[in-house]
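Here's the structure, in structure tokens; my notes come after.
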Amino acid sequence: MQTTRIADRSALVDWAVASWKYPDQTESGDHHVVPPFADGVLVGAVDGLGHGTPAALAARAAVAILEAHRTDPVVDLVERCHAALGATR
């Protein structure tokens, strides 16, 4: 089992993440996003659904959207991701 642990204590919140991928896969579809902005920080867990590269591509697309629009209301973020990620599956 390969586990990746990341911690960052220099941001507005203390946070950590652990991830795991299937041994026969080159990457995981589980990602995270913790981008700060002027009034706070957006914390999100992203599950690309499935395994390996297809799931990782979907998760990376969601992370890009969340980071680019980090100050938007959460409902708007979900709607943006839903609209953009339909083509990934």
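Hydrogens, waters and symmetry mates are skipped; everything else that's a heavy atom, side chains included, is used.
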Residue pair Asp47 / Leu49: nearest heavy atoms and the distance that separates them:
OD1-N, 2.8 Å

Between Leu85 and Ala62, which heavy-atom pair has the shortest distance, and what is it?
CD1-CB, 3.7 Å

With hydrophobic residues grouped by side-chain heavy-atom distances under 4.5 Å, do Val63 and Leu77 end up in a single group?
yes

Side-chain heavy atoms nearer than 4.5 Å, only ILVMFWY residues, links allowed to pass through others: does that put Val78 and Ile65 together?
no

List the atom of Gln25, the atom of Gly52, and the distance in Å for their closest heavy-atom pair.
OE1-CA, 3.0 Å

Would a distance-only check, ignoring hydrogens and angles, find a side-chain to backbone donor-acceptor pair under 3.5 Å from Arg70 to Pro36?
yes

Correct closest heavy-atom pair for Gly29 and Ala59 would be O-CB, 3.2 Å

Do the ring planes of His32 and Trp15 sit parallel (below 30°), tilted (30 to 60°) or perpendicular (above 60°)?
tilted

His69 side chain near Asp76 side chain, heavy-atom distance below 4.5 Å:
no

Is any side-chain heavy atom of Leu66 closer than 4.5 Å to a side-chain heavy atom of Pro35?
no

Is Leu42 linked to Val46 within one hydrophobic cluster, defined over Ile, Leu, Val, Met, Phe, Trp and Tyr using a side-chain heavy-atom separation of less than 4.5 Å?
yes

Got a second to check how far Glu27's CD is from Lys21's NZ, nearest 0.5 Å?
9.5 Å

Please round to the nearest 0.5 Å and tell me the distance separating atom CG of Asp30 and atom NE2 of His51.
10.0 Å

Closest contact, heavy atoms only, Ala56 versus Ser28
CB-O, 3.3 Å

